Number of protein chains: 2
Amino acid sequence: MNSGASIPQHRKLYEILRRHITEGIYAEGDLLPSENELCRLYGMTRPTVRQSLAGLANDGYIRKHQGKGSIVQLPPRDIGILSVSGTTSAVGNRNLKTRIIVKPVLIQWPGEFMFALTELEKESGCIYMERLRLLDAAPIFYDISYLANIGLPRITARKFENKSLFEILREHYKVEIKGGEQRIRAISPSPRIRKFLKLESGQPVLHLERRMVTNIEGLFLYSSIFCNTGKYSVFGRF
Amino acid sequence: MNSGASIPQHRKLYEILRRHITEGIYAEGDLLPSENELCRLYGMTRPTVRQSLAGLANDGYIRKHQGKGSIVQLPPRDIGILSVSGTTSAVGNRNLKTRIIVKPVLIQWPGEFMFALTELEKESGCIYMERLRLLDAAPIFYDISYLANIGLPRITARKFENKSLFEILREHYKVEIKGGEQRIRAISPSPRIRKFLKLESGQPVLHLERRMVTNIEGLFLYSSIFCNTGKYSVFGRF
DNA sequence: AATAATTACTTGTCAATACAAGTTTTTTTG
DNA sequence: CAAAAAAACTTGTATTGACAAGTAATTATT
């Protein structure tokens, strides 16, 4: 007796609460409604509600305390794993804008790719895109993404403006980033990158090459990111 | 009716299976016994068994496939935190040497410290040291470490040559690094750093400011690391 | 013999219930 | 009034039962 679609109830509640947290309806430190209250509110039983909350806790959106409740926690990894921290204050998602430089296109994988590829990936072809990400109208990231064309129908037709690639993948294809690896170095930017990031000559750039593992077997997400760390620094946990 | 201790059953099964995986009783790619078999084997009901498996899946020890089973996966779990990867091949610990520039001394915490300090830390004073780390005789890292003087007797008298600070803390004080956070940026090095890292003029440097959490309540480890990423890049997992 | 349909087995979802174990609030007691 | 005890919350653990959905092996069919 599913109401509408075949999305599990615990998943629906997870999405609802997650949205409420990220949109600020619950502030950091707030107590979520108790499990029994959520049962009444959304017409589920406690195991189902608990499954939703377990997911939220696992993804760092809440902390559970026995006898007390579920405390809201704002995960710092805003832009999936790669978040920015200003020198003075943290930056919300509001001021972050994305400009597409190269729309998603299906190409052949480049020779000499930065990571080793599986046969399946090579055969499937590569979804390629370039994006410039601005914080308060100042360009911060230049992001080149590579993605194997595995189980992602019509992705090149979607609108990416002001939506993170992660969000698109999560909402429409149920792809979750589980982890990954990265190489980091400080470089002198190429003229092209310097132009996009509006850098003065001699200003160094942070370069990240990352490979992200997803919940989908065989699907990885690669990006080469150039980052102006003049005003902001890249923040990460480990 | 707990048999012995107050450790939950699902936790016990988690530990058992986790040990079996890490000890190689199950190899990578193997199928774990089915949930119903585990129920019979360990005298639990399916929700309990599923809770154990959910934990293992969450921690990357297995992958679950509906209709198929739980497939064993060996997590990469590299706690190296800061490892170096050359452009061609990975580098072992053998060629890594450490030179002490400033021996461990007890000082006052600097004003305007890179991270917020607790009152306990401020009161306890700061153990300070500077080290240069060389890979194949080429200087790669310049590491400035800060450490609150909490439960670390006689640490300033110890020999640090060719031993990582982590090793000293682990062996003599049972301090384990549990995780942490870091800020990363690309900078133009100061003359002092440039001299130590033997950099050519104009060559950028990777700067990491990190705060590490330990198993000791209230004890954190801070470092400011300058890194020559000309030949090697910094490698990390997330 | 190759293909299609069936069956058996797997994990996924969900309900209803019970009690244990922490935390907070209220009430009782001195 | 203050402290202790009780009650009323909270989340944690565990059982039992049922059906859905995906996968693999078996059987029947052509």
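Letters A, B, ... mirror the listed sequences (proteins, then strands); counts begin at 1. No experiment lies behind these values; they were computed from the predicted model shown.
DNA chain D lies under 4.0 Å from at least one heavy atom of each of the following residues of residues 39-49 of chain B: B/Thr45, B/Arg46, B/Pro47, B/Thr48.
Regarding contacts with the backbone of C/dG12, a side-chain N or O of B/Arg50 is found under 4.0 angstrom from either OP1 or OP2.
Every residue meeting the side-chain hydrogen bond (donor to acceptor under 3.5 Å, both in side chains) condition with B/Tyr14, not counting sequence neighbours, appears here in chain and number order: B/Asp59. Here B/Tyr222 pairs with B/Trp109, B/Phe113, B/Phe115 under the ring pair (Phe, Tyr, Trp, His ring centres under 6.0 Å) rule; sequence neighbours left out. The ring pair (Phe, Tyr, Trp, His ring centres under 6.0 Å) search around B/His207 returns B/Phe226, not counting sequence neighbours. With sequence neighbours left out, the side-chain hydrogen bond (donor to acceptor under 3.5 Å, both in side chains) criterion links A/Asn149 to no other residue. Every residue two or more places apart in sequence or in another chain was checked for a side-chain hydrogen bond (donor to acceptor under 3.5 Å, both in side chains) with A/Arg211, and none qualifies. Scanning for side-chain hydrogen bond (donor to acceptor under 3.5 Å, both in side chains) contacts around A/Asp30 gives an empty result, with sequence neighbours left out. Remark: A/Arg46 pairs with A/Glu35, A/Asn36, A/Cys39, A/Arg50 by the side chain to side chain contact (heavy atoms under 4.5 Å, CB included) rule, at least two apart or across chains.
In this structure, A/Leu31 places its CG atom 11 Å from C1' of C/dT24, rounding to the nearest Å. Straight-line distance from the CD atom of B/Glu35 to the C1' atom of C/dC9: 12 Å, rounded to whole Å. For the pair A/Ile7 CD1 and C/dT13 C1', the computed distance is 14 Å after rounding to whole Å.
Overall, the helix from C/dA1-D/dT30 to C/dG30-D/dC1 carries an axis bend of 10° between its ends, with five pairs at each end and the value rounded to 10°.
Distances were taken from every side-chain heavy atom of B/His10 (C-beta onward) to each of C/dA20, D/dA14, C/dG12; the shortest belongs to D/dA14. Taking the side chain of A/Lys68 as heavy atoms from C-beta on, and the options C/dT13, D/dG22, C/dT24, the nearest nucleotide is C/dT24. The side chain of B/Asn36 lies closest to C/dT11, out of C/dT11, D/dT10, C/dC14.
At a threshold of 4.5 Å between non-hydrogen side-chain atoms, the residues B/Arg185 and A/Tyr232 do not count as touching.
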